[in-house]
Structure formats: structure tokens, C-alpha cells
Amino acid sequence: MILYIVAAILIVAFDQITKILTSHFFSLGEAKVIIPNILSFTNVHNEGAAFGILQGARVFFIIMTLAVIVFIAIYLIKTKPQSRLERWAICFMAGGAVGNFIDRAFLSYVRDFIMVEFIEFPVFNIADCFVCIGAGLYILYAFSDMFKKKEEKETDDKLIETDSNG
């Protein structure tokens, strides 16, 4: 489990370092093309949630993030997940949540800087990436676990049927 805690801490560090560098080298609102028509970096302050929704609800987001972090801690203590996929998913979501929480708590906004140009999409940051990747991994875990349980039930049903016929 220590590997996942260290990984979450590294995610937070990576997120914060990229935000500090962006704030240092880019004026607010300044954009620099990284890959023409694909990717730019721009320094944006987001007072809302992921991808700019619910602007100005700082206290709500701080309370919700703290609740999610407490929930994750309790979940990990009580269930002790055995699946590596589930542990990585939780690690990524927690690291991303803490990264944006630090901004909200200390700056009153989240620093975003990654701008995808080939689609209409809000500016985001490394923490947002890890929250989304973690959520995707957790969905994969949930579906794989659901199918595994279905296969186990079908196998158990066949064994019961064989025993009753036998």
C-alpha cells in the first residue's frame, strides 16, 4: 500500500510543480503554442470545479474534497482493496483531488494551463488528468469485477446443478 501512497504524493508534487512553473513563466491569460493546432499552455485561474463548472463555489468544493478524501481513507482501511487496478484508480483520484484542493484552500482558485486546441474543451491541469484517468480505471475495475462475479456465479450454478443431478 505504501507504493500507492508514494505515487499519490508524487502526483500532487508533479501537479503543484507544473502549476508553479506555469504561474512563474506565463502571465495570467497568456498562451503559448506547444504543438500548433493541437496543444497550448495558458495560465488560467478557475474558481469552479473541473473544467470550469460551478464558478465561485470554493467553500462547497473544499468541503466536498475533504469529504471525498475522508471517504477514500475509510474505504481503504475497511476494504483493503486487493485489486491493483482498483488501488491505482484510487491513488490517481486521490492525488488529483489533493492537488486541486491545495490550490482552492490556499489560493481560492485552481491553476489550469493545458489547452487542447483541436476540440472545444476547457483548460485543465495535471490534477484533472489524474482524477479523470483514475475515474476511468475505477470504471474498468468495476466492470471487470462485475463480469468476474457473474462468471463465478455461473460456475457455481453449474456445480450446484451437476451435484444435484449426480
Side-chain angles (χ1 to χ4, degrees), residues 1-32 34 39-117 119-146:
M1 190 55 96
I2 193 76
L3 169 67
Y4 302 98
I5 294 169
V6 170
I9 291 168
L10 289 173
I11 289 167
V12 172
F14 180 51
D15 173 65
Q16 289 298 304
I17 288 167
T18 58
K19 289 173 178 177
I20 289 166
L21 289 172
T22 301
S23 296
H24 181 75
F25 289 108
F26 294 77
S27 302
L28 187 60
E30 179 183 3
K32 291 194 180 172
I34 305 302
L39 179 69
S40 293
F41 287 170
T42 185
N43 186 6
V44 176
H45 293 172
N46 177 3
E47 294 181 7
F51 312 119
I53 61 172
L54 298 172
Q55 290 291 314
R58 176 179 177 240
V59 173
F60 170 75
F61 294 124
I62 288 173
I63 292 168
M64 288 304 297
T65 303
L66 287 172
V68 166
I69 292 167
V70 167
F71 173 79
I72 288 172
I74 292 168
Y75 179 78
L76 290 173
I77 291 166
K78 288 193 176 232
T79 65
K80 295 179 180 52
Q82 299 303 306
S83 164
R84 282 189 290 162
L85 181 60
E86 182 181 19
R87 290 190 303 248
W88 281 115
I90 292 168
C91 164
F92 284 7
M93 289 187 288
V98 170
N100 281 339
F101 173 79
I102 290 169
D103 280 15
R104 274 195 195 93
F106 294 101
L107 301 173
S108 299
Y109 55 85
V110 173
R111 297 169 286 183
D112 289 332
F113 63 92
I114 302 169
M115 186 166 69
V116 179
E117 294 183 359
I119 57 173
E120 188 69 32
F121 200 76
V123 180
F124 57 98
N125 60 45
I126 299 298
D128 296 335
C129 292
F130 276 99
V131 167
C132 291
I133 292 167
L137 290 175
Y138 202 86
I139 290 167
L140 284 175
Y141 161 74
F143 277 115
S144 68
D145 192 53
M146 181 178 67

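Summarising the geometry of Ala105 relative to Ile62, their closest heavy-atom pair is CA-CD1, 4.0 Å, with the distance given to 0.1 Å. Closest approach of Ala127 and Gly96 over heavy atoms only: CB-O, 3.2 Å. Considering all non-hydrogen atoms of both residues, Val12 and Gly95 come closest at CG2-O, 3.3 Å.
If you check the side chains of Asn100 and Lys19, you find a donor sitting under 3.5 Å from an acceptor. Counting only N and O atoms by type, the side chains of Tyr141 and Glu86 include a donor and acceptor under 3.5 Å apart.
In this structure, the separation between CG on Asp15 and CZ on Phe130 is 9.0 Å, given to the nearest 0.5 Å. Note that the CD1 atom of Ile77 and the OH atom of Tyr75 stand 13.0 Å from one another [nearest 0.5 Å]. Rounding to the nearest 0.5 Å places CG of Leu107 at 9.0 Å from CZ of Arg58. Between atom CZ of residue Arg111 and atom CG of residue Asn46 there is a gap of 12.5 Å, rounded to the nearest 0.5 Å. Note: Ile34 CD1 to Met115 CE = 10.0 Å, rounded to the nearest 0.5 Å. Annotation: the span from Asp112 atom CG to Asn125 atom CG amounts to 4.5 Å, rounded to 0.5 Å.
At a threshold of 4.5 Å between non-hydrogen side-chain atoms, the residues Tyr4 and Ile90 do not count as touching. With a 4.5 Å cut-off on side-chain heavy atoms, Phe92 and Val131 do not count as touching. Between Phe113 and Thr18, the closest side-chain pair of non-hydrogen atoms falls below 4.5 Å. Residues Gln16 and Ile126 fail the side-chain proximity criterion, which asks for heavy atoms closer than 4.5 Å. Val110 is not listed as a side-chain neighbour of His45, based on a closest heavy-atom distance of 4.5 Å or more. Counting heavy atoms from C-beta on, the side chains of Tyr138 and Met93 come closer than 4.5 Å. Considering only heavy atoms from C-beta on, Ile69 comes within 4.5 Å of Val98 through its side chain.
A cation-pi contact, defined as under 6.0 Å to the ring centre and within 45° of the axis, links Lys32 to Phe26.
Not a single donor-acceptor pair under 3.5 Å links the side chain of Ser27 to the backbone N or O of Glu30.
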For this session: Under the side-chain contact (heavy atoms from CB on, under 4.5 Å) rule, what do Cys91 and Ile11 come out as? Steps first, then yes or no, please.
Result: CA-CA 9 Å; Cys91 164; Ile11 289 167; 4.2 Å; yes

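Partners of Leu10 according to the side-chain contact (heavy atoms from CB on, under 4.5 Å) rule, which considers only residues two or more places apart in sequence or in another chain, are Val6.
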